[in-house]
Amino acid sequence: MQVLVRDNNVDQALRVLKKKMQREGVFREMKARRAYEKPSERRNREEAEAVRRARKAARKQAIRDGLIAGPKKKPAPARHAPRPGQSAPSASTDAAK
């Protein structure tokens, strides 16, 4: 796995790497390999995961077909809102610049 570091911004590259590893399932696999999993437990887990995936796919298909209502969309947060404790910049200070 490869991540490019731009402008010596290692923190951003680490965030990108963690996100990629999360998507690939590396963390889940590391957690699973910490301890031995009996074959019967593995079968049960994989079966439960398959059921979960099938239910999720059926739910998404039902939403697409209009059979059930989809999740309510959250309103987008206001952009560039002043932080708590700070006042919003006034128009007069912007004109002076």
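- Checked against Leu17 for a side chain to side chain contact (heavy atoms under 4.5 Å, CB included), the options Lys19, Arg15, Met21 give a single hit: Met21.
- Hydrophobic cluster of Ile68: the remaining members, joined at side-chain heavy-atom separations below 4.5 Å, are Ile63, listed by chain and number.
- In this structure, the side-chain contact (heavy atoms from CB on, under 4.5 Å) partners of Arg64, at least two apart in sequence or on a different chain, are Lys60, Gln61.
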Could you pull out all donor-acceptor pairs under 3.5 Å where a side-chain atom in residues 1-9 meets a protein atom, sequence neighbours excluded?
| residue | atom | partner | partner atom | Å |
| --- | --- | --- | --- | --- |
| Asn9 | OD1 | Gln12 | N | 3.3 |
| Asn9 | ND2 | Gln12 | OE1 | 3.3 |

Determine all donor-acceptor pairs shorter than 3.5 Å in which one atom belongs to a side chain in residues 23-34; sequence neighbours excluded.
| residue | atom | partner | partner atom | Å |
| --- | --- | --- | --- | --- |
| Glu29 | OE2 | Arg33 | NE | 3.0 |
| Glu29 | OE2 | Arg33 | NH2 | 2.9 |

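- Every side-chain contact (heavy atoms from CB on, under 4.5 Å) that Lys38 has, sequence neighbours left out, goes to Tyr36, Ser40, Glu41.
- Under the side-chain contact (heavy atoms from CB on, under 4.5 Å) criterion, Pro75 pairs with no residue at all, not counting sequence neighbours.
- Applying the side-chain contact (heavy atoms from CB on, under 4.5 Å) rule to Glu46 yields the partners Arg42; only residues at least two apart in sequence or on another chain are considered.
- Atom CD of Glu49 sits in a crowded spot, with more than 12 heavy atoms from other residues, nucleotides or ligands closer than 6.0 Å.
- For Glu37, the side-chain hydrogen bond (donor to acceptor under 3.5 Å, both in side chains) test picks out Arg45, with sequence neighbours left out.
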